[in-house]
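Scroll down for the structure; my scribbles are underneath it.
Here the structure is a predicted model, which is why all the values come from computation and not from measurement.
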Amino acid sequence: MKIKLKQILRWVILGITLIFLANALKSNWLGVTAIRIDKVGWAILAIATGVTLLAHTWAGWIWTWILRDLNQPIPTAEFIVVYLKTNIAKYLPGNVWHHYRRILALKNANVATGAATLSVLLEALLLAAAALITVVVFGRRFAINTNSWSVRILQLLSLVIILVSIHPRFLNPVIKFVYKLRAKKSATQSEAAFSVERYPLRPLLGELGFLLIRGIGFILTLFALMPVNMSQVPLLLGTFSFSWLLGFLVPGAPGGLGVFEATAIALLQSRFPSAAVISAIALYRLISIIAETAGAGLAALDEGLAK
C-alpha cells in the first residue's frame, strides 16, 4: 500500500510540474524561439559547463572529507572518481542508485557498511543544511509569499533541526541504536559500532562552496542570454538554492528534474523576461547533464588508464 501511494505521489508531482512547464513554455513560445545566442554567449555557456563540472568534482572531494571524519582512510583521488562515475545514476527512477553504487564501492574497498551508509546520509544532510543557509541569507530577496516571516521562521527552524541532528551528541546515540537493532535482527555477528568524533563543520562549509559554484554556473547561463547586474546576483543565488533544495527533497523527481525548473521559473519570471528565464533554465538543465556525463566519462577514462 505504501509503495502504491509513493508511486501515485511521484506521478502527481511529475504531472503538476509538466503541466506548469508546458503552460509557461506555451505562453512564452514566441519569445523563446526569438532568442539568439552569439559567439560570446556560446563561450559563456561553455564556461558554465566547466564550472558545473568543477562543482561536481568539488562535491566528490567533500565526500572524502566526510569519510575521513568517520575515520575511514580512503584514497582521495580514487573516490572522487567513484563519486563522478556514480553521479549520473541519480537520474534513474527512484533517485537512490547513485547512493547505492557509492556504498557498494566503499564496501568493496573494505569500508565498514555503517560508515559507508552514514557518509551518504551525512552528505545529504549537509547539502540540505548548506542550501537552507543560502536560502536564509538570500531568502528575503525572492520571497513571493505575503506572509514571508512565517516562511522564514520555518526555514530557520528546519535549518536548526538539521544542524543539531548532525552534532555528535545527537547523532552517535542514533548510530548506536541502529546497530543494536541490526544486532538483534541478524543471526551473524554485527560489525562494531563506531561514532562521529567531531562536528562536520569543514564538510558543511565545503557543501556551501558546492552550492555557490553551482549557482555561479546558473548565473552564467542566464548571463549568456541577457545582461545580469551584480545587484541581481544575491537574488539569483537565493533562487537557485531554493529551487535546487526543492528538487533535492521532493520525491519522484530524479535529479530534481522538473521540480527545479518549475520553481525557478515561478520565482524569476516576474523579475526577468519570461522567455529568457525559461530558455536559461532549460539550457542549465542541459548543461548540468552534459557536465555530469562528462564527469562520469572522464572518471571512467581515468580509471581505465590507471588499470
Side-chain angles (χ1 to χ4, degrees), residues 9 13 55-56 58-72 83 87 90 95-96 98-99 102-103 114-143 145 147-179 194-215 234 237-256 259-260 263-264 267:
L9 180 61
I13 292 170
H56 290 297
W58 174 257
W61 192 21
I62 298 165
W63 183 47
T64 66
W65 296 358
I66 295 170
L67 284 159
R68 290 184 183 278
D69 283 351
L70 295 173
N71 298 318
Q72 303 300 317
Y83 190 94
N87 205 38
K90 69 185 179 184
N95 200 21
V96 296
H98 54 309
H99 297 317
R102 287 167 193 166
I103 292 170
T117 305
L118 185 58
S119 72
V120 169
L121 175 62
L122 271 177
E123 188 208 16
L125 288 172
L126 291 171
L127 280 169
L132 274 172
I133 290 171
T134 310
V135 169
V136 169
V137 171
F138 301 113
R140 197 175 298 180
R141 300 271 183 166
F142 66 89
N145 193 324
N147 194 19
S148 58
W149 276 110
S150 63
V151 174
R152 288 182 64 77
I153 289 171
L154 181 61
Q155 292 168 356
L156 286 168
L157 182 61
S158 302
L159 177 60
V160 168
I161 291 172
I162 291 177
L163 293 178
V164 169
S165 68
I166 59 178
H167 192 284
R169 181 173 295 180
F170 297 95
L171 189 59
N172 287 335
V174 175
I175 295 171
K176 291 179 181 178
F177 177 73
V178 171
Y179 269 93
F194 63 95
S195 60
V196 179
E197 295 181 358
R198 57 182 175 272
Y199 192 86
L201 179 61
R202 188 174 72 137
L204 176 60
L205 295 175
E207 301 295 8
L208 272 170
F210 164 75
L211 279 170
L212 289 175
I213 297 171
R214 289 290 306 269
L237 285 175
T239 300
F240 171 81
S241 296
F242 184 70
S243 303
W244 182 91
L245 181 61
L246 282 187
F248 183 69
L249 295 177
V250 171
V259 175
F260 170 84
T263 307
L267 292 173

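If you take CG on Leu249 and CG on Leu132, they are separated by 7.5 Å, rounding to the nearest 0.5 Å. For the atom pair CG (Leu125) and CD1 (Ile166), the distance works out to 6.5 Å, reported to the nearest 0.5 Å. Distance check: Ile213 CD1 to His56 NE2 gives 10.5 Å after rounding to the nearest 0.5 Å. Note that OG of Ser241 and CG of Leu212 are 7.0 Å apart. Values are rounded to the nearest 0.5 Å. Note that the OH atom of Tyr83 and the CD1 atom of Ile62 stand 7.5 Å from one another [nearest 0.5 Å]. Rounding to the nearest 0.5 Å places CD of Glu207 at 10.5 Å from CD1 of Ile133.
Taking 4.5 Å as the limit, every side-chain heavy atom of Lys90 sits out of range of all side-chain heavy atoms of His99. A heavy-atom distance below 4.5 Å is not found between the side chains of Thr134 and Val137. Annotation: side chain of Leu70 is in contact with side chain of Leu122 (closest heavy-atom distance under 4.5 Å). Looking only at side-chain heavy atoms (C-beta outward), Phe138 and Pro234 come within less than 4.5 Å of each other.
A donor-acceptor pair under 3.5 Å links the side-chain atoms of Thr64 to the main chain of Trp61, judged by distance alone.
Between Ser243 and Leu267, the closest heavy-atom pair is OG-CD1, 4.2 Å. Here the closest heavy-atom approach between residue Ser119 and residue Trp63 is recorded as OG-NE1, 3.3 Å. Taking each heavy atom of Ile162 and Ala128 in turn, the nearest pair found is CD1-CB, 4.0 Å. Nearest approach of Trp58 to Gly209, heavy atoms of both residues: NE1-C, 4.0 Å. Gly238 approaches Val135 most closely through the heavy-atom pair O-CG2, 4.3 Å. Between Ala55 and Arg214, the shortest heavy-atom contact is CB-CD, 3.6 Å.
Separation of the Phe260 and Phe248 ring centroids does not fall under the 6.0 Å cut-off.
Residues satisfying the side chain to side chain contact (heavy atoms under 4.5 Å, CB included) criterion with Ala131, sequence neighbours excluded, are Leu211, Trp244, Leu245. Under the side chain to side chain contact (heavy atoms under 4.5 Å, CB included) criterion, Leu201 pairs with Tyr199, Leu205, not counting sequence neighbours.
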Exercise for review: Step by step, work out the side chain to side chain contact (heavy atoms under 4.5 Å, CB included) result for Leu163 and Leu204.
Suggested key: CA-CA 9 Å; Leu163 293 178; Leu204 176 60; 3.8 Å; yes
Point to revise | Working for side chain to side chain contact (heavy atoms under 4.5 Å, CB included), residues Leu118 and Leu121 | key: CA-CA 5 Å; Leu118 185 58; Leu121 175 62; 4.2 Å; yes
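Residue pairs satisfying the salt bridge (Lys or Arg N to Asp or Glu O under 4.0 Å) criterion with at least one member in residues 117-134, sequence neighbours excluded, are listed as follows: Arg102-Glu123.
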